[in-house]
Structure formats: C-alpha cells, structure tokens
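Throughout, protein chains are lettered first and strands after them, A, B, ... in sequence-line order, and every chain is numbered starting at 1. Just so you know, these numbers come straight off a predicted model, no measurement behind them.
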There are 2 protein chains.
Amino acid sequence: MTTRTEETGPSGAAYNAFLAVCPSRMLLDRLANKWVVLVLCALGGDAEKAPDVPAAPTALRYSELARLLSGVSQKMLTQTLRSLERDGLLTRTVVPTVPVTVTYELTDLGLSLLGVVRRLREWAQSHMDDVLAHREKYDARA
Amino acid sequence: MTTRTEETGPSGAAYNAFLAVCPSRMLLDRLANKWVVLVLCALGGDAEKAPDVPAAPTALRYSELARLLSGVSQKMLTQTLRSLERDGLLTRTVVPTVPVTVTYELTDLGLSLLGVVRRLREWAQSHMDDVLAHREKYDARA
DNA sequence: AGTGCCTACTTCCCAAAGGGAAGTATCGCG
DNA sequence: CGCGATACTTCCCTTTGGGAAGTAGGCACT
C-alpha cells in the first residue's frame with residue numbers, strides 16, 4: 001500500500017526517506033555523515049567548551065574547523081562545507097584580511113538541524129559505555 | 001576488547017567525538033549512516049504508517065526490513081543489523097518456523113537512539129523544500 | 001625584484017567502503 | 001530427490017574517503 005496521496009511535489013509533505021527515489025533519501029544520506037554532524041556541532045559551539053558553559057552558535061574559520069575536527073582531511077572538510085552551503089545550512093564569508101580568511105556560520109536552517117545532530121553526538125558520548133559493554137558480551141559469545 | 005581505560009572515564013562525560021582517537025568518534029561514524037537511521041526508524045514503526053497513527057516500535061523480519069528500506073542491498077542490510085546487534089541496539093531472534101525466520105527488535109538502548117534518529121529523518125523530510133530551494137539558488141549563482 | 005610564507009583550497013593516487021548479482025545453507029513437502 | 005522459501009554470504013566492480021603534495025594570491029622582508 002502506497003501511503004503517498006500525492007507525488008513528491010515541492011509543496012506537499014509527501015517526502016518519504018524510506019523510498020530510494022525520494023529526494024529526502026538523498027538528503028538523509030548527506031546529513032547522516034560523521035563530518036556533517038561534527039561541522040554542525042562545531043559551528044554550534046559544542047567543541048572546546050567548559051562543561052558548565054552552555055554551547056552557543058559561533059562563526060568559525062576554515063582553519064579553526066580543521067583544528068577542532070581532528071582527523072578531517074582538508075579535502076573532506078572543504079567538500080562537506082560546500083555541500084552544507086549549497087543546501088543552505090551555513091554561510092561562507094570571505095574576509096579580505098592580510099592572508100584571506102573564510103568564516104562559516106550556521107543559518108537558521110542549519111540551527112534547526114543543529115538541534116537534531118547535537119543530540120546524536122551527545123547520545124554517542126553518553127551511551128558509549130553501554131555500547132562498549134554490549135560489544136564485549138557479543139564478541140565473547142561469538 | 002581491552003580498551004576500557006580510565007582516561008576517557010566510564011562514568012563521566014569525558015568522551016569527546018571531536019577527537020579522532022575517542023571511541024565515541026567511531027561510534028558516531030557508525031550511527032551517522034543512512035541505513036542505520038532507516039533500520040532504526042523502521043523498527044520504530046515509522047514506515048508505512050497512516051499519517052494520523054502514532055508510530056509504535058515493532059519487531060520486523062529480515063525480509064520485511066528489506067522491503068521497507070527500498071534500495072538496500074542484502075549485504076548492507078545484514079551488515080547494518082549485525083553491527084547494531086553487536087552494539088546492543090537491537091536483538092536478533094531466530095524463529096524455527098517452516099523456513100527459518102529471523103526477527104529484529106529494538107532494545108531499550110535502541111529505543112533511546114530511535115528518539116534521536118527519528119528526528120533526523122523527519123527533519124530531512126520536512127525541510128526538503130527549503131534545501132531544494134537553496135540548491136537552486138546556489139547552482140544558479142555558480 | 002625576488003623569495004618566502006600564510007591561508008584556503010585543489011588535484012592526484014590509492015585503499016576502503018558500498019552496491020549488484022549470483023551462490024550457499026537449511027529445512028519441510030510432495 | 002528435487003523444489004521453494006528465507007536469510008544470509010561471496011565475488012566483483014564502482015564509488016567514496018583519506019593522505020599528501022601542489023596551487024593561488026597577496027603581503028612582508030631583504
């Protein structure tokens with residue numbers, strides 16, 4: 001039974017990520033990504049903060065992002081930032097300083113997604129011990 | 001297997017997914033994945049439901065999952081289910097029916113993650129139009 | 001004038017992951 | 001004894017991701 005009353009048109013809420021052909025499936029594939037989550041969290045101010053200080057969104061330079069997201073290659077960082085800019089989740093601003101600097105900042109759309117991905121990262125961190133315990137049991141049994 | 005060090009602190013919030021070496025980084029990489037999100041949502045009852053019916057978690061068979069997640073290969077489905085089982089997010093139950101059937105069901109841990117990834121899928125679907133609009137503007141400019 | 005340095009990319013190359021299709025194992029039935 | 005059904009598993013090839021090196025462009029120093 002097909003639950004869509006209308007095709008995946010631009011105005012309806014008929015998008016369904018379970019369908020391979022739906023645009024939201026491709027969007028989900030983009031967003032459900034390690035670097036996307038970390039870039040958004042970094043621009044959300046989640047990195048390098050004191051435990052008691054609530055995270056506040058902040059603009060960051062390319063080099064700052066590269067430093068915060070340890071292990072990211074320049075290629076992937078650029079690629080991730082470009083796709084997020086294209087999708088309207090962040091803005092890219094070139095500042096004509098001495099050596100040119102570029103800053104990235106979340107848009108309102110990006111901020112609304114931040115609320116979601118932030119929880120994903122927090123979940124991973126707060127449930128890490130549970131997961132590790134399960135893995136040990138699983139690996140011991142097998 | 002032996003990596004439960006005190007440096008990351010099993011009880012504290014010392015895990016930090018921004019660090020490449022932190023276990024939670026690897027966990028985030030696993031969870032921030034198209035198929036993980038869709039499997040969890042499917043087992044959460046989000047697929048093929050009428051719009052007014054609230055989603056309720058449900059056990060699903062392998063073949064049911066394969067049908068709901070259109071486009072998934074058997075290989076990736078099996079791989080995703082195995083890793084989620086290993087991490088304690090779902091249970092795998094072999095039912096010795098005529099041809100053997102296997103059912104998958106979310107654990108409490110999986111249910112707590114469902115609350116997060118469900119919002120990710122919902123975000124992708126509900127903001128699809130915004131994203132598409134931004135893409136058109138971006139592509140027209142470039 | 002030229003050399004070097006800084007930031008922010010871009011390109012090249014290779015290894016790893018993902019996808020498609022076909023093969024395997026097990027069981028009961030006719 | 002072969003058939004069909006379910007749930008994988010394996011093989012092979014394409015795509016993606018990562019590491020390292022190269023590019024652009026402007027200023028500063030000698």
Side-chain angles (χ1 to χ4, degrees), chain A residues 17-22 25-39 42-43 59-86 90-105 138 142, chain B residues 17-22 25-39 42-43 59-87 90-105 138 141-142:
Chain A
F18 281 105
L19 304 173
V21 293
C22 183
R25 162 69 72 90
M26 278 172 279
L27 181 58
L28 180 62
D29 197 22
R30 282 281 177 84
L31 303 181
N33 171 312
K34 181 177 47 174
W35 299 126
V36 168
V37 171
L38 289 175
V39 164
L43 292 174
L60 289 176
R61 295 178 44 188
Y62 180 88
S63 55
E64 291 174 316
L65 283 167
R67 182 170 37 80
L68 290 175
L69 277 59
S70 82
V72 71
S73 66
Q74 292 182 319
K75 174 182 146 186
M76 284 314 296
L77 182 55
T78 301
Q79 204 174 97
T80 303
L81 290 168
R82 282 284 190 287
S83 77
L84 292 178
E85 184 197 4
R86 188 171 103 102
L90 53 79
T91 57
R92 177 179 182 271
T93 309
V94 178
V95 185
T97 47
V98 191
V100 65
T101 56
V102 182
T103 62
Y104 296 89
E105 191 166 17
Y138 183 93
Chain B
F18 282 105
L19 304 173
V21 293
C22 183
R25 163 68 74 87
M26 278 172 280
L27 181 58
L28 180 63
D29 197 21
R30 282 281 177 85
L31 302 180
N33 170 314
K34 181 177 47 173
W35 299 126
V36 168
V37 172
L38 289 174
V39 163
L43 292 174
L60 289 176
R61 296 177 44 187
Y62 179 89
S63 54
E64 291 174 318
L65 283 167
R67 182 171 37 80
L68 290 175
L69 277 61
S70 84
V72 72
S73 66
Q74 292 183 318
K75 174 182 150 187
M76 283 314 295
L77 181 56
T78 301
Q79 203 174 99
T80 303
L81 290 169
R82 280 285 189 287
S83 77
L84 292 177
E85 184 197 3
R86 187 170 103 101
D87 290 351
L90 52 79
T91 57
R92 177 178 180 272
T93 309
V94 177
V95 185
T97 48
V98 192
V100 65
T101 58
V102 182
T103 63
Y104 296 90
E105 192 166 16
Y138 183 93
R141 234 177 330 108

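Put simply, CG on B:L60 is 11 Å from P on D:dA7, counting in whole angstrom units. Protein atom CZ of B:R82 is 19 Å distant from nucleotide atom C1' of C:dA17, rounded to whole Å. In this structure, the CG atom of B:L81 is 14 Å from the P atom of C:dG18, given to the nearest Å. For the pair B:Y104 OH and D:dC8 P, the interatomic distance rounds to 4 Å; values are reported in whole Å. Atom CG in A:L77 sits about 16 Å away from atom P in C:dT11, given to the nearest Å. A:R25 has its CZ atom 14 Å from the P atom of C:dG18, to the nearest Å. Distance A:N33 CG to C:dA17 P: 15 Å, rounded to the nearest Å. Rounded to an integer number of Å, the gap from A:M26 CE to D:dT16 P is 13 Å.
Between B:K34 and the phosphate of C:dG19, there is a side-chain N or O to OP1/OP2 separation shorter than 4.0 Å. Close to C:dA8, at under 4.0 Å from its OP1 or OP2, lies a side-chain N or O of A:S63. Of the side-chain N and O atoms in A:W35, one or more sit less than 4.0 angstrom from OP1 or OP2 of D:dG18. Between A:R92 and C:dC9 there is a side-chain polar atom (N or O) within less than 4.0 angstrom of OP1 or OP2.
B:L81 places a side-chain heavy atom less than 4.5 Å from the side chain of B:Y62. Side-chain contact check for B:L19 versus B:R25: every heavy-atom pair is 4.5 Å or farther apart. Looking only at side-chain heavy atoms (C-beta outward), B:L28 and A:L38 come within less than 4.5 Å of each other. B:V72 places none of its side-chain heavy atoms less than 4.5 Å from the side chain of B:T80.
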Test side-chain contact (heavy atoms from CB on, under 4.5 Å) applied to A:L43 and A:L65, step by step: CA-CA 8 Å; A:L43 292 174; A:L65 283 167; 4.2 Å; yes
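Of the candidate nucleotides C:dA8, D:dT6, D:dG18, D:dT6 has the atom nearest to the side chain of B:P99. In this structure, the nucleotide among D:dG18, D:dA7, D:dC27 sitting nearest to the side chain of A:V98 is D:dC27. Nearest to the side-chain atoms of B:S73 among the listed nucleotides C:dT10, D:dT6, C:dG19 stands C:dG19. Checking C:dA8, D:dG18, C:dG18 against every side-chain atom of B:M76, the shortest atom distance belongs to C:dG18.
Comparing A:K75 and B:Y62 by the nucleotide of DNA chain D whose heavy atom lies nearest to each, the residue mapping closer to the 5' end is B:Y62. Comparing A:Q74 and B:V102 by the nucleotide of DNA chain D that holds the closest heavy atom to each, the one mapping nearer the 5' end is B:V102.
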